[in-house]
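Throughout, protein chains are lettered first and strands after them, A, B, ... in sequence-line order, and every chain is numbered starting at 1.
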Amino acid sequence: MDKIIDKIWRFFSSVKLAIVLILLIVATAIIGTVIQQGLPTEMYIQHYGESTFNILNSLDLFDMYHSWWFELLLILFIINVVVCTWERLPAVFKMFSNPKLKLPIEKLNAFKEKEIIEYSGNRETIINNLKQKLSQIYKTPIHVDAKEGDFLYLEKGRIARFGPYITHLSLLIIFIGVLIGSFFGFDTYVNLIPGESSNIVQTIRGNQKITLPFYIKCNSFNVEFYNSGIPKAYKSDLSIISNGNVVARKVIDVNKPLTYNGITIYQASYGQAGASNFQLVLSNEHEGENDISLNLNQPYHISDNTSIAILDYAQNYQGFGPTILVGIFKGEKLVNTSIYLQKYPDFHGAETIDGYKIRFVKANESYYTGLQVAKDPGAPYVAVGAVILVIGLLMSFFSYRRRIWIFVPVNANAITIAGVADRNKYSFEGEFKDLVKEIKKEVIK
Amino acid sequence: MMHATQQVNTMLLSISTFIYVGAMFLYLFGLVFKNKFLDMSGFVIFVIGFLLETAGLIDRWIESYHLNYGHIPITNLYESLVFLSWTIALAYIIIDLKYKIRKLGFPVSLIAFIFMAYASFSPDVNSRIEPLVPALKSNWLVFHVITSFFGYAFFALAFGAAIFYLISDWYTKYTNGKVISYLPSTKVLDDISYKLIIVGEVLLAIGIITGAAWADYAWGRYWSWDPKETWSLITFLVYVVYIHLRYSWGWHGKAAAIFAIIGFVFVLFTYLGVNLILSGLHSYGSA
C-alpha cells in the first residue's frame, strides 16, 4: 500500500508531468477557441450535421472548458504543482538555515568562475581589509575561521529561491478561490422593462432560475447614441426592494455596478422590447394634417363607423425599413389590412381610408435593460492569489541567488575566489569579474 | 479643420513608418559593412522615427478630445498596431541604452516597420478616430492595454534576438567556427532573449490579471474563456514551458531560440489572429 502511495507521489512530483499537462491544457484549450462555445444545439446541428454533432457533443466540445476531462486536467495540474512544491521546499529551507559557508578546495577549483590571486604581506591584515572592502562594495561576508584557512562567504539574492514556490502556491490560492466561487457563487441575468421588477434571475449556464432575497426594480432605462449609431452610454436607474421597502437606489452604467448584500448588479446589455407607441399623421382635404399617437392595437376612430388600429410592427420589413401593419375596422370587424412604410410615405399614392391619408412618421421603440446579477465570494481569494503570483514572478525573475567563497589558506600566499549562480550564469560572469578586479586592487597594492 | 488635424497625426505616423524602414537599412548596412558609424546613424534615425511616432500618438490623443470622444489612442486595430510598434521601439531604446545591444536594432526596426506599414497602408485598417463603446470606458483599459502591449513588445524583441541568434549561430558555423566579432555573440543573444522573455511573461501576467479584474468589475465574472482570454493564457503557458525547460533541463542556445520564435507565433495569434479570425469580445469593430 505504501508503495502505491509512494508511486503516486513520485508521479505527481515530476516536472516532466507538469510540462506534459501544460501542453495538454494548451492543445485542448485551443479547440474551444475554434469551436464556438455555448451556442444553442440547433446551431451546431445545422453547422456540423447530425452525426458530427453527436461525436463532438459526446466529447463535450461545445462546452469544453466545463467538461469533466478539461477540469480533470486542471485539477491534475494543480495537484502536480502542489506536490512539486511540497517536495522541494524543505531543501530550500535547509539551504537557508544551513548554508555551506566553506567548501573543500577541490570543489572551489571545480567552479567555472574561479580566480587565484597571489599576495604578499600580512595575512590577517589582508583578510580584515577584504572584509571591510566587501561590505562596502558587495555584501558583508560571513567569516569562517577553519583549520585549513579562512573562508569569507558571500551570498546574494536568496529571495529568488523562494520565488518559484510562492508563484506555485499562488496557483493553489487562485484554485481555492475558483472552487469557493463555483460552490457558493452564482452568475445570472435578468432583463427588465422600465417599471418592471423581479426577484427571479436566470443562470447564464444551465438556465436555472434563482430567487434573490430582494426585488430589483428598473425605474428607468436610458441609452444614448453617437451620431454614427454606435451606443455611447446605457444606464439603468435601479431600486433594490426588500420587504416592500426601497433599501438602495443607484443609476448603474457599464463599468459602474451596484452591490447590495454581496450581490452585484451589472449593466450588461440592452435590447429592443419592441415598439409600443407610434406617431402617425392623418390628413384629409378639409381638416388638413392631424398628428396622432397610437399604441399597439389601440383603436382610433376616423368616423363613427370606421376605425383603424396598428396590428403589427417590423423594424425592417423586407429591407424597406420600419413598417406598420394597419387594420381597418368597420364596427368591431376587421375588413382590410394595409402596410405603411416610414421611408416611403408615397407608397399608397392617392389611396385613402374614408378620405383620410395615413403617413407613418415614427415608432417609439422601448428598450429592456439587460442586467447581470452575480455573486462570487471566491473572487477576493483569486485576486490575492493573482497579486502573490506576480510577486512570486518578480522574485524569481529579477533576482537570482549567487554564492561566492573567498578562501585564504594558511599554507600558501594565494587567495582562491570561486563563485556560482543558480541561474543567470552569464550576468554572474560579469559581476564576478568586477568583484575579482576590486579584490585584486585591494590585495595587490 | 477637424479633418485637417486628423490628417496631421496619420501623416506623422506614416512618416515614422518610412523612417523606421530607413533605420532598418542603416542597421543592415552596418552589419554587412561592419561599420559602427552606420549602426550609430541607424540608432539616431530610429529614435527620430520613435519621436515622430510619439508626436503622432499625442496629436491623435488630443484630437480625440476635439472630437469630444476623449480617449487614449489604443482602441481600434489601427491604433493598436501603431501603439504596439511604439512599445516595441520604446522597449528597444531603453534596453539599448542600458545593455548596449545596438545591433538588435536591425530586427527591431524591421518589426516596428511591419506593424506600422500594416496600420498605415493596409486597405482593411481604418485610421479614423472612433468613439468608445460603453464597455471600454474604464480606467482599467489603460492598465490592461499598456501592460499587455509591453508584454507583446518584449516577446517581439525576444523573437528578434532569437532570429538573430540563429543567424549568428549559422554564420559562425558557416565560417568554420571563426567567431565573427561583429555579430553579437550567440551567448549574449541567448541570454538577452531569455531575459526579454521573462520581462514579457511578467507583463503578460499583469495584463491578464488586469483584464480579469476589469471583467470582474464590469460583469462580475473574472474569467469566461473568451477566445482572447484563452489565447493569452495559452501564450502565457507556452512561455511557462520555455522557462521550465530552461530552469529544469538547462535548455538554451538553438533549442531555446527556436522555442522563442514559436512562442512569438502564439503572441501574434493572441494579438491579431484572435481578432481577425476568431470572434469574441475583443474584435476591433470595423476592422
Side-chain angles (χ1 to χ4, degrees), chain A residues 15-16 18-19 22-23 25-27 29-30 32-34 36-38 64-66 164 178 181 185 187 204 223 226-228 230-235 253-257 263-268 372-376 379 382-383 386-387 389-390 393-394 396-398 422-427, chain B residues 68-69 130-141 187-188 190-192 194-195 198-199 201-202 205-206 208-210 212-214 216-231 233-235 237-238 240-241 243-249 266 274 277-280 285:
Chain A
V15 183
K16 231 178 237 171
I19 304 271
I22 293 174
L23 292 177
I25 290 169
V26 164
I30 292 175
T33 66
V34 177
Q36 270 204 46
Q37 300 288 295
M64 63 147 281
Y65 299 114
H66 304 94
V178 172
D187 193 9
I204 287 171
V223 53
Y226 292 107
N227 290 336
S228 57
I230 300 171
K232 185 178 180 183
Y234 39 106
K235 298 172 185 183
D253 193 347
V254 185
N255 285 313
K256 289 192 186 79
I263 296 172
T264 307
I265 302 159
Y266 302 86
Q267 180 70 65
Q372 186 145 338
V373 183
K375 180 184 167 180
D376 189 352
V382 175
V387 170
L389 174 83
V390 173
L393 289 178
L394 291 174
S396 328
F397 292 157
F398 300 109
D422 294 352
R423 286 199 312 267
N424 256 352
K425 304 226 168 8
Y426 182 74
S427 304
Chain B
N68 266 332
Y69 299 153
E130 282 155 350
L132 281 186
V133 295
L136 293 184
K137 287 179 185 162
S138 167
N139 289 332
W140 286 108
L141 170 74
K187 214 156 116 189
V188 173
D190 179 59
D191 188 57
I192 286 173
Y194 155 73
K195 281 185 175 151
I198 57 178
V199 176
E201 187 76 335
V202 172
I206 299 173
I208 292 173
I209 291 167
T210 49
W214 183 8
D216 189 53
Y217 200 68
W219 297 291
R221 199 167 18 163
Y222 50 82
W223 196 263
S224 44
W225 296 105
D226 156 81
K228 191 81 165 188
E229 274 173 359
T230 309
W231 271 93
L233 180 67
I234 287 168
T235 303
L237 289 176
V238 165
V240 164
V241 171
I243 288 163
H244 283 81
L245 287 175
R246 204 175 172 99
Y247 286 179
S248 301
W249 276 287
F266 281 81
V274 172
I277 298 166
L278 307 173
S279 56

Legend entry - No-hydrogen, no-angle side-chain donor-acceptor test under 3.5 Å, B:N139 and B:W214: no
Inset, instruction - Name the member of B:V188, B:L233, B:N68 that forms the most heavy-atom pairs with chain A at distances under 4.5 Å. - result: B:V188
Inset, instruction - Could you list the residues that satisfy side-chain contact (heavy atoms from CB on, under 4.5 Å) with A:A379, not counting sequence neighbours? - result: A:D376, B:D216, B:Y222
Legend entry - Contact class of A:V373 relative to chain B, heavy atoms under 4.5 angstrom: neither
Legend entry - Side-chain heavy atoms of A:F397 within contact of B:V199, under 4.5 Å: no
Inset, instruction - Taking all non-hydrogen atoms of both residues into account, name the closest pair between A:S396 and A:P164 and its distance. - result: OG-N, 3.2 Å
Legend entry - A:V390 versus chain B, the contacting section by heavy-atom distance below 4.5 Å: side chain
Legend entry - Which atoms of A:Y226 approach chain B - backbone, side chain, both or neither, heavy atom under 4.5 Å: side chain
Inset, instruction - Please flag which part of A:I204 lies under 4.5 Å from any non-hydrogen atom of chain B: side chain, backbone, both or neither. - result: side chain
Legend entry - Proximity breakdown for A:K375 and chain B, heavy-atom pairs closer than 4.5 Å: neither
Legend entry - Top of B:L132, B:V240, B:V133, B:I206 for chain A proximity - count of heavy-atom pairs under 4.5 angstrom: B:L132
Inset, instruction - Evaluate the side-chain proximity of A:V15 to B:W249: yes if any heavy-atom separation is below 4.5 Å, no if none is. - result: yes
Inset, instruction - Under the side chain to side chain donor-acceptor pair (under 3.5 Å) rule, collect the residues that match up with A:Q267, sequence neighbours excluded. - result: A:S236, A:T369
Legend entry - Over 12 foreign heavy atoms within 6.0 Å of NZ, A:K235: no
Inset, instruction - Find the one option among A:I25, A:D253, A:V254 whose heavy-atom pairs under 4.5 Å with chain B are most numerous. - result: A:V254
Inset, instruction - Answer yes if the side chains of B:K195 and A:S427 hold a donor-acceptor pair under 3.5 Å, and no otherwise. - result: yes
Inset, instruction - Report the option among B:Y217, B:F266, B:W140, B:W223 that has the most heavy-atom pairs separated by less than 4.5 Å from atoms of chain A. - result: B:Y217
Legend entry - Choice from A:L23, A:I19, A:T264 maximising heavy atom contacts with chain B below 4.5 Å: A:I19
Inset, instruction - Sort B:I198 into side chain, backbone, both or neither according to what part of it lies under 4.5 angstrom from a heavy atom of chain A. - result: both
Inset, instruction - Select one option (side chain, backbone, both, neither) describing which atoms of B:S248 are under 4.5 Å from chain A's heavy atoms. - result: side chain
